[in-house]
Amino acid sequence: MEIAGLPIPPDLAASYARRGITELYPPQAACVEAGLFSGKNLLISIPTASGKTLVAEMAMHHQVARGGKCLYIVPLRALASEKFQEFSGKGLRIGIATGDFDRRDDYLGRNDIIVATSEKVDSLLRNRTPWLADITLLVVDEAHLIDDPSRGATLEMVITKLRHRNPDMQIIGLSATIGNPADLAGWLDAELIESDWRPVDLREGVFFQDSIQFADRVRQIERKSKYEDLDLVLDTVAEGGQCLVFVSSRKNAEAFAKRAASGLKLANPVLAGYADRIRSNAATDMGKTLAACVAQGAAFHHAGLSREERQIVEAGFREGEIKVIASTPTLAAGLNLPARRVIIRDYLRFSAGEGMLPIPVREYRQMAGRAGRPHLDPYGEAVLIAKSEEMVEELFDCYIEAPAEDVRSRCANEAVLCTHILSLIATGFARERDEVLGFMDGTFYAHQGESQRALSRVVHRVLEFLREAEMITEVGDWLEPTEYGSLVSRLYIDPRSAEVIVTAMADQKDYTDIGLLHLLCSTPDMPTLFVRRDDMYLLDRFLADHRDDLWMEIPWDADEEFDRSLKTALLLADWVNEIGEDEICRRYNVGPGDVYGMVESVAWLVHASRHLAGLFAPHLVRPIEEMELRTKHGIKKELLPLIRLRGIGRVRARRLFDNGIDSIEALRAAGQEKVSRILGQGIAAQVFEQLDGVREEIQEISEEQSTLSRFG
DNA sequence: CCTGTAATCATGTAGACAGCATGTC
DNA sequence: CTACATGATTACAGG
């Protein structure tokens with residue numbers, strides 16, 4: 001099917017033509033035939049990288065041309081910015097809405113297409129964002145994630161809410177191949193487009209001893225080392241391709257990258273440049289290891305990497321300089337980073353309480369789908385590694401030829417339902433018990449015909465919890481949010497977290513940093529660190545000296561959960577006491593990316609607890625407010641006055657303080673010349689420019705006060 | 001007595017969304 | 001309940 005004949009704006013068609021796209025792939029053509037441009041709902045269940053985004057993009061441009069507005073929901077922030085860039089520069093106004101990166105909400109509504117994470121959309125719904133009512137086309141990327149145990153319910157509720165509000169809205173679901181696509185399509189009243197067509201030939205096989213067995217052929221691999229995974233990589237590189245190796249743990253990723261580095265032994269100025277950039281920014285052991293690997297053309301990738309390190313690794317691979325990345329599942333679900341050969345080395349993964357479990361077929365497909373770069377590779381290869389003769393067949397049966405798992409609703413989970421039912425009541429979606437149940441009737445859960453009784457039991461239990469927590473009141477059948485309840489809903493924290501925080505604050509007399517941090521680390525919203533055996537010394541030593549500083553009682557049989565929250569709190573306490581990042585990484589055995597993630601999470605919870613304190617413990621608002629700034633910047637209390645200035649962060653503020661400048665007044669007294677010596681001329685000029693502004697501000701305030709006092 | 005190395009044992013294990021209001025080195 | 005690589009500890013031979 002020719003693009004030229006489609007009802008899309010000429011600008012868009014032209015931008016496709018420039019990229020050499022003039023004709024649709026067969027599954028894309030099927031979407032058009034199924035009613036893409038006549039407002040039909042579609043569920044497109046086709047493999048990764050076979051042009052789903054293009055279908056959605058054409059539909060969005062078509063909608064906007066007719067005065068519509070589109071919302072594109074993605075599961076990850078990284079994906080949001082990837083899509084944002086992809087959609088930009090093609091004639092429409094594109095907005096992006098995620099927690100960390102945000103065009104202001106009121107401006108957001110002026111865009112034609114808004115890209116957002118599901119949680120952000122949920123939050124926008126909770127805050128009654130008006131423009132959501134104008135959405136005429138909803139695109140749900142990775143719609144199969146409705147099955148995700150922790151975040152699936154949010155996606156399901158967001159879709160249900162949006163449909164409830166905009167019944168005429170067109171919906172396009174983009175999904176990986178799943179076992180029961182008709183089920184999902186039925187719920188969405190959508191036409192199902194199913195296909196396993198791919199733009200690049202994908203060969204899936206199993207490696208054993210010295211050859212890869214494919215369904216229809218065998219490929220010999222030269223054995224150069226005693227490591228089969230390494231030989232598979234060297235084979236691809238020798239052929240001019242790149243490799244992605246999926247492993248089960250961070251340690252495995254790092255170990256394999258080291259092995260690959262010494263096997264490849266590449267060296268060139270570009271790689272040396274990457275390595276230098278990584279080295280100069282990272283004092284951690286992990287960073288040094290990464291730099292050493294990258295210098296030789298190999299890298300590892302996991303959530304412990306800092307943003308910068310990640311970015312360098314991804315870019316280096318895209319440029320073709322880095323030949324192999326050993327990765328944990330970070331890369332499987334995240335960015336689009338294809339390689340000629342994908343090696344799924346570990347198909348067992350540890351899962352808490354259950355030991356080693358085989359990864360789901362869907363995840364295998366997700367990883368295998370990364371094989372083969374369109375237009376660049378002649379074909380893609382996905383390779384599993386068998387450890388014995390029998391495993392070869394088993395891997396074929398369990399992965400390559402296995403049907404993908406069914407998608408199931410995750411709505412019946414009491415814990416996740418708590419937050420969503422509260423938000424239904426807080427935003428007026430439901431005002432009575434029956435309305436809550438009626439709303440739930442529109443969910444995928446109900447569509448799947450799961451037991452209604454089970455659902456209604458859970459709903460009643462949840463309402464009971466919310467009522468006892470005084471987040472809602474119930475008069476007759478009438479449900480009403482309390483001020484507390486509606487605050488919790490808007491803050492977007494788990495009601496159970498709010499309860500933990502409020503209970504502890506209510507009978508609290510003295511504020512301590514560690515008390516607050518530990519409290520927040522004990523909430524279900526906070527990810528906590530794994531406690532190793534030799535961490536116990538650290539924890540015990542802390543408890544010996546500071547047990548009275550904790551807000552929460554120490555259980556007499558301190559369990560693992562307690563240890564985890566305490567260890568995490570200690571890390572964060574170090575962060576706000578300006579312990580260096582590398583020292584923190586060493587002390588707690590984490591990477592810079594982990595520190596960043598935990599700081600981000602706790603900063604959000606500190607913010608929420610400040611609002612909760614406003615309601616229940618006013619005397620704590622002030623100290624919590626300080627802690628909010630301190631967590632955000634990673635500074636001691638003494639730097640608070642300086643941090644307010646633009647251009648001054650934790651490092652520069654510390655440098656000023658150590659030179660005897662501890663406040664705005666001191667800064668002014670020191671004079672621009674002295675500050676120039678400390679910070680350099682440019683920054684100093686910028687700072688002093690602001691000081692003039694501050695002076696005016698202060699004058700204004702004092703004038704205002706004098707006017708007031710005249711009346712008082 | 002010290003050192004290097006092989007055998008043995010204990011240990012630890014993936015990822016990442018949200019508020020708010022603008023700017024780090 | 002499941003696996004397995006890593007790092008620590010111990011055992012032991014050789015210098």
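Letters A, B, ... are given to chains in the order of the sequence lines, protein chains preceding strands, and every chain is numbered from 1. Note that the structure is a prediction, hence the values are computed from the model and not measured.
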Rounded to the nearest Å, what distance is computed from the [atom1] atom of residue [X] to the [atom2] atom of nucleotide [N]?
X      : N      : atom1 : atom2 : value
A:K387 : C:dA5  : NZ    : C1'   : 11 Å
A:Y596 : B:dG15 : OH    : P     : 16 Å
A:L629 : B:dA21 : CG    : C1'   : 11 Å
A:L305 : B:dA14 : CG    : C1'   : 14 Å
A:M536 : B:dA10 : CE    : P     : 19 Å
A:D534 : B:dG12 : CG    : P     : 6 Å

When we call it a touch if two heavy atoms are under 4.0 Å apart, what does [X] touch: a base, just sugar-phosphate, or nothing?
X      : result
A:H302 : sugar-phosphate
A:R532 : sugar-phosphate
A:A608 : nothing
A:L76  : sugar-phosphate
A:A255 : sugar-phosphate
A:S248 : sugar-phosphate
A:I493 : nothing
A:R646 : sugar-phosphate

OP1 or OP2 of [N] versus the side-chain N and O atoms of [X]: is any pair under 4.0 Å?
X      : N      : result
A:T117 : B:dA18 : yes
A:S249 : C:dA5  : no
A:R533 : B:dG12 : no
A:K120 : B:dG19 : yes
A:R77  : B:dA18 : yes

Side-chain donor or acceptor of A:D346 paired with backbone N/O of A:V247 under 3.5 Å: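 Side chain of A:D346 to backbone of A:V247: no pair is present.
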Sidechain-backbone polar pair: A:R630 side chain, A:I635 backbone, donor-acceptor under 3.5 Å: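 Yes, A:R630 side chain to A:I635 backbone: donor-acceptor pair under 3.5 Å.
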Distance-minimising heavy-atom pair for A:A291 and A:A275: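 Looking at all heavy atoms of both residues, the closest pair is O-CB, 3.4 Å.
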Face-to-face stacking of A:W604 with B:dA18, centres under 5.5 angstrom, angle under 30°: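 Yes.
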Parallel, tilted or perpendicular: rings of A:Y399 and A:Y364 (30°, 60°):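 The arrangement is tilted - the two ring planes meet at 30° to 60°.
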[X] and [Y]: side-chain donor and acceptor closer than 3.5 Å?
X      : Y      : result
A:Y492 : A:D122 : yes
A:S409 : A:E156 : yes
A:Y588 : A:D594 : no

Separation between the P atoms of C:dC1 and B:dC20, rounded to whole Å: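 Comparing P positions in C:dC1 and B:dC20 gives a spacing of 43 Å.
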Nearest-angstrom distance, C1' atom, B:dA18 to C:dA3: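 To the nearest whole Å, 35 Å.
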Pair partner, B:dG23 [Watson-Crick or wobble, under 3.5 Å]: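 Partner of B:dG23: none found under 3.5 Å.
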Pair partner, B:dC17 [Watson-Crick or wobble, under 3.5 Å]: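 Answer to the pairing question: none, since B:dC17 forms no Watson-Crick or G-U pair.
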Any N/O donor-acceptor pair, A:E628 side-chain to B:dG19 base, under 3.5 Å: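 Checked by distance alone, the answer is yes.
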Angle between terminal axes - the helix from B:dC1-C:dG15 to B:dT13-C:dA3, 5 pairs each end, rounded to 10°: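 Rounded value for the end-axis angle: 10°.
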Aromatic A:Y227 / basic A:R259 pairing, under 6.0 angstrom, 45° off normal: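 Geometry flag: set, cation within 6.0 Å and 45°.
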